[in-house]
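One structure is given below, encoded as structure tokens.
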Amino acid sequence: MTYTGDVQVGGPADVRELPALTICKLAVGPFDNNAYLLRCTATGEGLLIDAAAEADRLLALIADQPVRSIATTHQHGDHWQALEQVAKVTGAEVIAHPLDAPALPVPVAHPVEHGDTIGVGEVSLEVIHLRGHTPGSIALLYDGGPAGLHLFTGDSLFPGGVGNTQKDAERFTQLYTDVVERIFDRLPDETWVYPGHGKDTTLGAERPALPEWKARGW
């Protein structure tokens, strides 16, 4: 089956098989959050991005394979409702940006800053700090070489715009600037975007609308 990224709460995960990394996308919880299980194909080691809700379904997705770490993209509660239980069962270390870490229900063993890398077996992901939706929001970038670039954006970038900044002009300007300078100015149109809610997109699909986003202020 071809990966689309279209998932529904209560439905199956959508699975993307890359040469060095498998990506499983699962929709969970009352806010239709996306959780992503990344697994190194060479070692089997896993990384879970946002243990958002429904710990039982996340643990069923993980099954009996190792998960070394759980990355939380930001501090909002709908992205960590299952974090404590999944971390306890798997023994995974918790990763987050220090500015959002105090709001999480478990200690952050692995704080990360802009430009840091997170290992998943033999592959690594780059941490991109995107300020504005929350102070410590992060995106994670996997460079698959010939398999393309894959960007997990939490709630900082969606199809159709940047994340919610509660009509705060300063926060919007910060988030818009970070998204443009740290993502759109750096990465090619083919970069695949995996957001914290809803359908996937690509930078190429969103790039033409950047002036519109700036003008409307959200």
Side-chain angles (χ1 to χ4, degrees), residues 3 5 13-16 18 20-26 33-41 43 45-52 58 61-62 67-76 78-80 83 86-87 92-101 104 108-145 147-159 162-163 175 178-179 181-188 190-198 200-203 206:
Y3 176 85
D14 200 5
V15 180
R16 186 170 216 165
L18 304 174
L21 191 71
T22 298
I23 300 167
C24 295
K25 178 181 182 180
L26 187 71
N33 287 75
N34 296 324
Y36 299 93
L37 178 62
L38 280 51
R39 201 169 287 286
C40 171
T41 56
T43 67
E45 185 175 287
L47 163 73
L48 180 65
I49 300 175
D50 285 344
L58 294 176
L61 184 68
I62 292 167
V67 170
R68 176 182 176 184
S69 48
I70 303 170
T72 301
T73 58
H74 63 289
Q75 65 177 269
H76 288 157
D78 60 310
H79 288 260
W80 52 255
L83 177 59
V86 174
E93 67 174 12
V94 176
I95 297 171
H97 192 280
L99 292 177
D100 277 15
L104 303 187
V108 171
H110 184 177
V112 290
E113 301 276 2
H114 181 67
D116 287 347
T117 58
I118 298 171
V120 189
E122 295 182 357
V123 305
S124 64
L125 292 89
E126 177 191 343
V127 176
I128 302 174
H129 186 196
L130 300 171
R131 300 156 292 185
H133 180 65
T134 66
S137 289
I138 57 172
L140 300 177
L141 175 66
Y142 169 60
D143 184 349
L149 292 121
H150 302 265
L151 182 66
F152 301 87
T153 56
D155 285 1
S156 291
L157 177 62
F158 295 100
V162 297
L175 180 55
D178 277 2
V179 165
E181 293 180 352
R182 298 182 175 189
I183 293 178
F184 282 94
D185 286 354
R186 272 190 62 200
L187 304 175
E190 297 76 22
T191 303
W192 195 276
V193 175
Y194 304 81
H197 305 262
D200 297 357
T201 187
T202 64
L203 293 187
E206 306 303 322

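Hydrogens, waters and symmetry mates play no part in the numbers below; they use all other heavy atoms, side chains included.
The CG atom of L38 sits 4.5 Å away from the CG atom of L21 when rounded to the nearest 0.5 Å. In this structure, the separation between CZ on F152 and CD1 on I49 is 4.5 Å, given to the nearest 0.5 Å. A distance of 13.0 Å separates CG of L151 from CH2 of W192, quoted to the nearest 0.5 Å. Interatomic distance, D14 CG to Y36 OH, rounded to the nearest 0.5 Å: 10.0 Å. Here the CG atom belonging to L130 is positioned 11.5 Å from the CG atom belonging to D155, to the nearest 0.5 angstrom. In this structure, D100 CG and T72 OG1 are separated by 9.5 Å, a value rounded to the nearest 0.5 Å.
With sequence neighbours excluded, no residue forms a side-chain hydrogen bond (donor to acceptor under 3.5 Å, both in side chains) with T43. Not counting sequence neighbours, the partners of D200 by the salt bridge (Lys or Arg N to Asp or Glu O under 4.0 Å) test are K25. E190 is linked by a side-chain contact (heavy atoms from CB on, under 4.5 Å) to P188, counting only residues two or more places apart in sequence or in another chain. Applying the side-chain contact (heavy atoms from CB on, under 4.5 Å) test to A147 and every residue at least two apart in sequence or in another chain returns L18, P19. Judged as a ring pair (Phe, Tyr, Trp, His ring centres under 6.0 Å), and not counting sequence neighbours, the contacts of H129 are H97. Scanning for side-chain contact (heavy atoms from CB on, under 4.5 Å) contacts around T201 gives P159, V193, A205, E206, with sequence neighbours left out. Under the salt bridge (Lys or Arg N to Asp or Glu O under 4.0 Å) criterion, R16 pairs with no residue at all, not counting sequence neighbours. For N33, the side-chain contact (heavy atoms from CB on, under 4.5 Å) partners are V28, F31, A52, D78, H79, H197, not counting sequence neighbours. Every residue was checked against the ring pair (Phe, Tyr, Trp, His ring centres under 6.0 Å) condition with F158, not counting sequence neighbours, and none meets it. Scanning for side-chain hydrogen bond (donor to acceptor under 3.5 Å, both in side chains) contacts around T153 gives an empty result, with sequence neighbours left out. Qualifying salt bridge (Lys or Arg N to Asp or Glu O under 4.0 Å) partners for E45, counting only residues two or more places apart in sequence or in other chains: R68.
The aromatic rings of H76 and H133 sit perpendicular to each other, their planes meeting at more than 60°, with 30° as the lower class boundary.
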Derivation and outcome, side chain to side chain contact (heavy atoms under 4.5 Å, CB included), residues L37 and L26: CA-CA 8 Å; L37 178 62; L26 187 71; over 6 Å; no
Audit row: S156, L175, side chain to side chain contact (heavy atoms under 4.5 Å, CB included) steps and yes/no: CA-CA 7 Å; S156 291; L175 180 55; 4.0 Å; yes
Candidate pair F184 and L203, rule side chain to side chain contact (heavy atoms under 4.5 Å, CB included), full reasoning: CA-CA 7 Å; F184 282 94; L203 293 187; 3.8 Å; yes
Stepwise side chain to side chain contact (heavy atoms under 4.5 Å, CB included) test for T117 and V127: CA-CA 6 Å; T117 58; V127 176; over 6 Å; no
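The minimum heavy-atom distance between C24 and V15, with the atom names listed, is SG-CG2, 3.8 Å. Of all heavy-atom pairs spanning P135 and L99, the tightest one is O-CD1, 3.6 Å. In terms of heavy-atom proximity, A71 sits nearest to L47 at N-CD1, 3.9 Å. When all heavy atoms are compared, the tightest approach of Y142 to S124 is CD1-O, 3.7 Å. Taking every heavy atom of both residues into account, T73 and G154 meet most closely at OG1-CA, 3.6 Å. Residues H150 and Y194 approach most closely at ND1-OH, 2.7 Å, considering heavy atoms.
Remark: the backbone N or O of G198 is paired with a side-chain donor or acceptor of N34 at under 3.5 angstrom. At distances below 3.5 Å, at least one donor-acceptor pair connects side-chain atoms of D178 with backbone N or O atoms of R131.
Residues I128 and L140 fail the side-chain proximity criterion, which asks for heavy atoms closer than 4.5 Å. Side-chain atoms of L83 and I70, non-hydrogen and from C-beta on, do get closer than 4.5 Å to each other. Contact of the L125 side chain with the L141 side chain is not registered, since no non-hydrogen atoms from C-beta on lie closer than 4.5 Å.
Under the side-chain contact (heavy atoms from CB on, under 4.5 Å) rule, R39 has a single partner from V123, V120, V67, which is V67.
Judged as a salt bridge (charged side-chain N to carboxylate O under 4.0 Å, His left out), the pairs with a partner in residues 113-126 (not counting sequence neighbours) are, in order, E126-R186.
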